[in-house]
Amino acid sequence: MRAVVRRAVAAAGAVGVLIGVLGACSSGADSAPPAKSQETRRQTEPLSRAGLKKMLLAKSELPETLAARYTQIWPTTTVGKRLKASESRCQPLADAIRPGSTGHISAKTSQRFVETPEEFVTMDLVSYSSVKEASAVMDRLESAVPACPSPLRIGENSEDSDPYRGARKKTVTGQGDQTVSYYLRKVSYADHHESPELFVHIRVGNVIATFKRYASYKDNVIPPALIRAQTHKIQTT
């Protein structure tokens with residue numbers, strides 16, 4: 001009789017443990033809402049120039065190593081007529097030299113991170129009318145890079161155009177919602193030297209940041225920390 005009782009108690013205990021485990025699974029993990037991950041802001045509404053300028057990095061916001069390197073930040077502007085490419089499939093590359101020269105934009109602004117008068121990075125910010133419009137600009141650029149490896153010319157007209165050896169893709173760690181980066185290799189009139197002009201385009205919602213470094217006689221580099229800092233400012237402003 002005692003053995004029967006002990007077996008019954010043991011069986012009841014096992015069932016209790018099983019019910020407890022099942023209860024914990026159903027009432028705890030399934031019913032509790034998942035922890036919300038921290039999200040950065042994704043700009044989707046058209047901005048005024050004043051609103052866009054708030055997204056520009058200040059010198060005090062640069063990482064310490066960059067603040068020591070870029071001793072000055074100058075406001076600048078992208079001016080002039082729309083540039084034309086000699087090959088229609090390469091027109092997006094010409095448009096990217098003067099960002100915001102085409103398309104439905106609401107505002108644009110730019111500044112220059114200056115190491116020396118000859119060594120600097122220019123950064124243009126353009127707010128488009130919608131995420132769809134900004135995304136289309138990036139898609140056209142992404143298609144143009146592999147389509148334009150051959151020599152072409154870019155200028156305001158055929159008489160005033162610069163020779164380029166073509167575009168070459170450059171891999172940059174993904175930032176924002178969309179990234180396109182490449183060298184647009186310009187040829188010097190004087191000695192036919194090829195200068196790799198580096199372009200990095202980052203889209204966050206309907207805002208596109210274009211980083212440019214021109215006319216270097218060495219392999220062009222834009223510090224990844226500068227790109228990360230500016231992208232973060234756009235995402236959190």
### Message
One pair to check against salt bridge (Lys or Arg N to Asp or Glu O under 4.0 Å): Asp124 and Lys108. What are the steps and the verdict?
### Response
CA-CA 7 Å; Asp124 297 277; Lys108 61 181 177 179; over 6 Å; no
Over all atoms of both residues, closest heavy-atom pair of [X] and [Y]:
{"X": "Thr109", "Y": "Leu52", "answer": "N-CD2, 3.8 Å"}
{"X": "Ser106", "Y": "Leu47", "answer": "OG-O, 2.9 Å"}
{"X": "Thr76", "Y": "Ser110", "answer": "O-OG, 2.7 Å"}
{"X": "Arg69", "Y": "Pro223", "answer": "NH1-CG, 3.4 Å"}
{"X": "Leu152", "Y": "Ala85", "answer": "CD1-CB, 4.4 Å"}
{"X": "Tyr183", "Y": "Pro196", "answer": "CD2-CB, 3.7 Å"}

### Message
Any heavy-atom pair between the side chains of Val200 and Ile227 that's under 4.5 Å?
### Response
yes
### Task
Report yes if some heavy atom in the side chain of Ile97 is under 4.5 Å from a heavy atom in the side chain of Leu93; otherwise report no.
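No - every pair of side-chain heavy atoms lies 4.5 Å or more apart.
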Quick one: pull up [atom1] in [X] and [atom2] in [Y] and give me the separation to the nearest 0.5 Å.
{"X": "Ile222", "Y": "Phe211", "atom1": "CD1", "atom2": "CZ", "value": "7.5 Å"}
{"X": "Glu45", "Y": "Ser129", "atom1": "CD", "atom2": "OG", "value": "11.0 Å"}
{"X": "Thr77", "Y": "Gln111", "atom1": "OG1", "atom2": "CD", "value": "13.0 Å"}
{"X": "Leu125", "Y": "Gln230", "atom1": "CG", "atom2": "CD", "value": "5.5 Å"}
{"X": "Thr210", "Y": "Met123", "atom1": "OG1", "atom2": "CE", "value": "9.0 Å"}
{"X": "Ile234", "Y": "Ser127", "atom1": "CD1", "atom2": "OG", "value": "10.5 Å"}

Donor-acceptor pair, [X] side chain versus [Y] backbone, under 3.5 Å?
{"X": "Gln175", "Y": "His232", "answer": "no"}
{"X": "Asp160", "Y": "Gly155", "answer": "no"}
{"X": "Arg185", "Y": "Val187", "answer": "no"}
{"X": "Ser135", "Y": "Val131", "answer": "no"}
{"X": "Arg89", "Y": "Ala147", "answer": "yes"}

### Query
Do Leu56 and Val114 share a hydrophobic cluster, counting only Ile, Leu, Val, Met, Phe, Trp and Tyr and linking them when any side-chain heavy atoms are less than 4.5 Å apart?
no
### ILVMFWY cluster, Phe113 and Leu66 together (side-chain gap under 4.5 Å)
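Both belong to a single hydrophobic cluster.
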### Query
What's the verdict on side chain to side chain contact (heavy atoms under 4.5 Å, CB included) for Lys212 and Leu198, showing C-alpha distance, side-chain angles and the deciding distance?
CA-CA 6 Å; Lys212 299 175 288 186; Leu198 177 58; over 6 Å; no
### Task
Determine, step by step, whether Tyr70 and Val121 satisfy the side chain to side chain contact (heavy atoms under 4.5 Å, CB included) criterion, reporting the C-alpha distance in whole Å, the side-chain angles of both residues, the deciding distance to 0.1 Å, and the verdict.
CA-CA 9 Å; Tyr70 298 113; Val121 174; 3.7 Å; yes
### Query
Please, which pairs that meet disulfide (SG to SG under 2.5 Å) have at least one residue in residues 118-173, sequence neighbours excluded?
Cys90-Cys148
### Message
Using the rule side-chain contact (heavy atoms from CB on, under 4.5 Å), only one of Ile208, Val180, Ile105 pairs with Val137; which is it?
### Response
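Passing option: Ile208.
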### Query
Given Gln178, which of Val204, Asp139, Ile202 fulfils the side-chain contact (heavy atoms from CB on, under 4.5 Å) condition?
Asp139
Can you give the donor-acceptor pairs under 3.5 Å from side chains of residues 57-65 to other protein atoms, not counting sequence neighbours?
{"from": "Lys59", "atom 1": "NZ", "to": "Ala67", "atom 2": "O", "distance (Å)": "3.3"}
{"from": "Glu61", "atom 1": "OE1", "to": "Ala58", "atom 2": "N", "distance (Å)": "2.8"}
{"from": "Glu61", "atom 1": "OE1", "to": "Lys233", "atom 2": "NZ", "distance (Å)": "2.8"}
{"from": "Glu61", "atom 1": "OE2", "to": "Lys233", "atom 2": "NZ", "distance (Å)": "3.2"}

### Query
In this structure, are over 12 heavy atoms from other groups packed under 6.0 Å from Arg165 atom CZ?
no
### Query
Are Ile154 and Leu184 close enough, and set up right, to give a side chain to side chain contact (heavy atoms under 4.5 Å, CB included), and what steps lead you there?
CA-CA 11 Å; Ile154 296 175; Leu184 189 57; 4.0 Å; yes
### Message
I'd like to know if the side chain of Ser101 pairs up with that of Arg82 as donor and acceptor (distance under 3.5 Å, no hydrogens or angles considered).
### Response
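Short answer, no.
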### Message
Walk me through whether Phe120 and Ile73 qualify under side chain to side chain contact (heavy atoms under 4.5 Å, CB included).
### Response
CA-CA 9 Å; Phe120 54 83; Ile73 296 181; over 6 Å; no
#### Entry: Arg153/Ser86 under side-chain hydrogen bond (donor to acceptor under 3.5 Å, both in side chains): CA gap, chis, key distance, verdict
CA-CA 5 Å; Arg153 300 182 76 90; Ser86 57; over 6 Å; no
### Task
Determine whether the aromatic ring centres of His201 and Tyr182 lie less than 6.0 Å apart.
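Between His201 and Tyr182, the centre distance is under 6.0 Å.
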### Message
Under 4.0 Å between a side-chain nitrogen and a carboxylate oxygen: does that hold for Glu156 and Arg98?
### Response
yes
